[in-house]
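One structure is given here, and the rest of the page talks about it.
FYI, the numbering just counts along the sequence from 1.
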Amino acid sequence: MSEFINRVEAQRRLVKIVNRKPQKEPLFSLSGSSITRWRSANGIDPSSPVVTLLKKACDRVFVMANHSDAPIAEEYQLTFEELQCIGDELEKVVAANT
């Protein structure tokens with residue numbers, strides 16, 4: 001259960017970071033379609049660092065959702081740490097663009 005909670009908290013952190021900056025439409029989740037909708041609604045370039053980081057985070061969340069079983073717990077932990085690093089980098093990018 002803690003893997004699920006960690007994954008949800010990590011996603012929540014990233015969404016909050018992105019939504020700190022006033023926009024036409026907030027980011028609602030880290031799904032691929034949600035990121036595409038958010039980017040389109042706010043006129044953000046698909047190759048921008050924020051979009052690139054969000055897509056990378058989306059991929060990492062997917063891996064975490066599929067690798068939380070005990071035999072692959074180490075891969076889950078590494079992926080979680082990657083997601084934390086993405087969040088730190090996203091903080092810097094958003095702060096620089098504010």
Who pairs with E89 by salt bridge (charged side-chain N to carboxylate O under 4.0 Å, His left out), at least two apart in sequence or on another chain?
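Scan of E89 (salt bridge (charged side-chain N to carboxylate O under 4.0 Å, His left out), adjacent residues dropped) gives none.
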May I have the step-by-step check of side chain to side chain contact (heavy atoms under 4.5 Å, CB included) for V51 and I44, ending in yes or no?
CA-CA 8 Å; V51 174; I44 298 172; 3.7 Å; yes
For [X] and [Y], work out which heavy atoms get closest and say how close.
X	Y	result
V61	L30	CG2-CD1, 4.2 Å
A10	L83	CB-CD2, 3.4 Å
R13	G87	NH2-C, 3.5 Å
G32	C58	N-SG, 3.6 Å
K21	Q23	O-NE2, 2.9 Å
W38	L27	CD1-N, 3.3 Å

Would you give the length of the straight line joining atom [atom1] of [X] to atom [atom2] of [Y], rounded to the nearest 0.5 angstrom?
X	Y	atom1	atom2	result
D45	T52	CG	OG1	8.5 Å
E91	L14	CD	CG	9.0 Å
R7	T79	CZ	OG1	11.5 Å
K92	I17	NZ	CD1	11.5 Å

Residue pair V63, R60: steps toward the side chain to side chain contact (heavy atoms under 4.5 Å, CB included) verdict:
CA-CA 5 Å; V63 169; R60 299 291 82 201; 3.5 Å; yes
S34 side-chain N/O to S31 backbone N/O, donor-acceptor pair under 3.5 Å:
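Flag not set: sc S34 to bb S31 has no pair under 3.5 Å.
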Any chance CZ of R37 has more than 12 other-residue heavy atoms, nucleotides or ligands included, within less than 6.0 Å?
no
Give a yes or no on whether a salt bridge exists between K56 and E82, defined as a side-chain N under 4.0 angstrom from a carboxylate O.
no
